[in-house]
Amino acid sequence: MASNAAVPFWRAAGMTYITYSNICANLVRNCLKEPYKTDALSREKVHFSISKWTDGKPEKPSFCSVFIRSLHLPDMVANL
Amino acid sequence: MLRRALGLLPRPIAAARARSFSTDLPAAHTADATFMEAWNKVMPNTDPPKTPLSFMHPRPPTPSSIPPKLTVNFVLPYASELSTKEVDMVIVPATTGQMGVLPGHVATIAELKPGVLSVHEGSETTKYFVSSGFVFIHANSFADIIAVEAVPLDQIDANLVQKGLADFTQKLSSATTELEKAEAQIGIDVHSALNSALTG
């Protein structure tokens with residue numbers, strides 16, 4: 001197998017295919033004309049709530065109730 | 001009683017699964033006879049459970065002569081754009097270049113780059129801009145195109161594309177880390193593909 005095959009530039013920079021694909025999709029969505037753009041962006045919104053636990057007990061959860069999936073989700077999770 | 005029935009189930013299923021590859025199996029596959037017998041012995045009054053195979057339509061086997069039309073399934077995560085539609089040709093934006101797929105195309109798996117997908121049926125052509133995805137071409141002239149985002153070309157705003165291209169070109173020159181450079185490069189690739197889709 002070609003282990004020395006030229007990897008794509010994004011993989012060489014440490015990005016996974018899913019991240020690359022989601023970035024491309026977000027860029028395309030941001031270039032749409034108006035009614036389609038708001039439809040697409042609202043379709044892709046992610047609703048979640050984060051609760052931190054300390055000493056085996058949950059603290060009050062923070063409701064980020066509306067959050068558009070963007071490039072920096074892994075960083076945000078890592079910085080919790 | 002239910003536990004004894006569960007004990008009977010695995011053996012017929014294991015025997016059924018240790019068979020040929022899915023590409024060699026015949027088209028019609030509804031219920032496994034051994035399993036049905038065993039089920040009816042234990043629970044004659046209950047319907048047997050459905051397996052995923054009973055919900056899926058198995059892919060037709062490869063015909064001996066090239067079929068006249070290509071059958072295309074074009075799906076997005078949130079919708080099925082085309083479902084077993086018979087067309088003459090599709091041109092997909094593979095990473096290796098624009099690839100034309102005709103009936104009888106050799107079985108191929110291709111990764112897509114941001115670009116224009118065009119579906120040719122008779123004298124009409126439908127074009128979509130695809131952000132990225134994969135195309136699986138099977139030996140029996142079925143093509144499965146999966147994309148994360150696909151938009152008809154008239155939904156793209158040219159001003160936003162130009163602005164994005166300028167932004168990312170500027171970001172590339174000011175990028176420091178490998179990751180930032182990669183993101184800026186992706187931005188440039190996508191926006192220039194959008195640009196050529198609108199002008200080409």
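Since the model is a prediction, treat every value here as computed from it, not as a measurement. Below, read A as the first sequence line, B as the second, and so on, with proteins coming before strands; counting in each chain starts at 1.
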Side-chain heavy atoms of B:Ile186 within contact of A:Cys24, under 4.5 Å:
yes
Could you see if B:Met89 belongs to whatever hydrophobic cluster contains B:Phe136? Use Ile, Leu, Val, Met, Phe, Trp, Tyr and a side-chain cutoff under 4.5 Å.
no
Shared hydrophobic cluster for B:Leu198 and B:Phe168 (ILVMFWY, side-chain gaps under 4.5 Å)
yes
Test item: B:Ile156 and A:Lys33 side chains (from C-beta on) under 4.5 Å apart, heavy atoms
no
Begin from the C-alpha positions of A:Cys31 and B:Asp157 and carry the test side-chain contact (heavy atoms from CB on, under 4.5 Å) through to its verdict.
CA-CA 6 Å; A:Cys31 287; B:Asp157 186 341; 5.9 Å; no
With a 4.5 Å cut-off on side-chain heavy atoms, are A:Ser21 and B:Val148 touching?
yes
Can you tell me how far apart CD1 (A:Ile23) and OG (B:Ser131) are? Round to the nearest 0.5 Å.
11.5 Å
Give me the contact list for residues 187-196 of chain B versus chain A, heavy atoms only, anything under 4.5 Å, ordered by residue number.
B:Gly187, B:Asp189, B:Val190, B:His191, B:Leu194
For the hydrophobic clusters of this structure (ILVMFWY residues joined by side-chain heavy atoms under 4.5 Å, transitively), does one cluster hold both B:Leu76 and B:Phe134?
no
Given side chains that start at C-beta, do those of B:Glu183 and A:Met15 come closer than 4.5 Å, heavy atoms only?
yes
Reported CG-to-OG1 distance for the pair B:Leu179 and A:Thr19, which is rounded to 0.5 angstrom:
9.0 Å
Please tell me if the side chains of A:Asn30 and B:Leu160 come closer than 4.5 Å, counting only heavy atoms from C-beta onward.
no
Is there a side-chain contact between A:Glu44 and B:Tyr78 in this structure, where contact means two heavy atoms from C-beta onward sitting under 4.5 Å apart?
yes
Of the listed residues (B:Glu111, B:Lys163, B:Glu180), which shares the most heavy-atom pairs with chain A below a 4.5 Å separation?
B:Glu111
Are A:Val28 and A:Trp10 grouped together when hydrophobic residues (ILVMFWY) are joined by side-chain heavy atoms under 4.5 angstrom apart?
yes
On a heavy-atom basis, which atom in B:Glu149 and which in A:Ala25 lie closest, and how many Å separate them?
CB-CB, 4.0 Å
Would the number of heavy atoms belonging to other residues, nucleotides or ligands and lying under 6.0 Å from CZ of A:Phe9 be above 12?
yes
Using the rule that two of Ile, Leu, Val, Met, Phe, Trp, Tyr join whenever any of their side-chain heavy atoms come within less than 4.5 Å, decide whether B:Leu82 and B:Ile146 are in one cluster.
no
Measuring heavy-atom distances to chain A, does B:Val151 have an atom under 4.5 Å in its side chain, in its backbone, in both, or in neither?
side chain
Can you establish whether the number of heavy atoms outside A:Lys37 located under 6.0 Å from its atom NZ is more than 12?
yes
Taking every non-hydrogen atom, the tightest pair across A:Tyr20 and B:Pro114:
OH-CD, 3.8 Å
Is it true that atom CG of B:Leu102 has more than 12 heavy atoms of other residues, nucleotides or ligands lying nearer than 6.0 Å?
yes
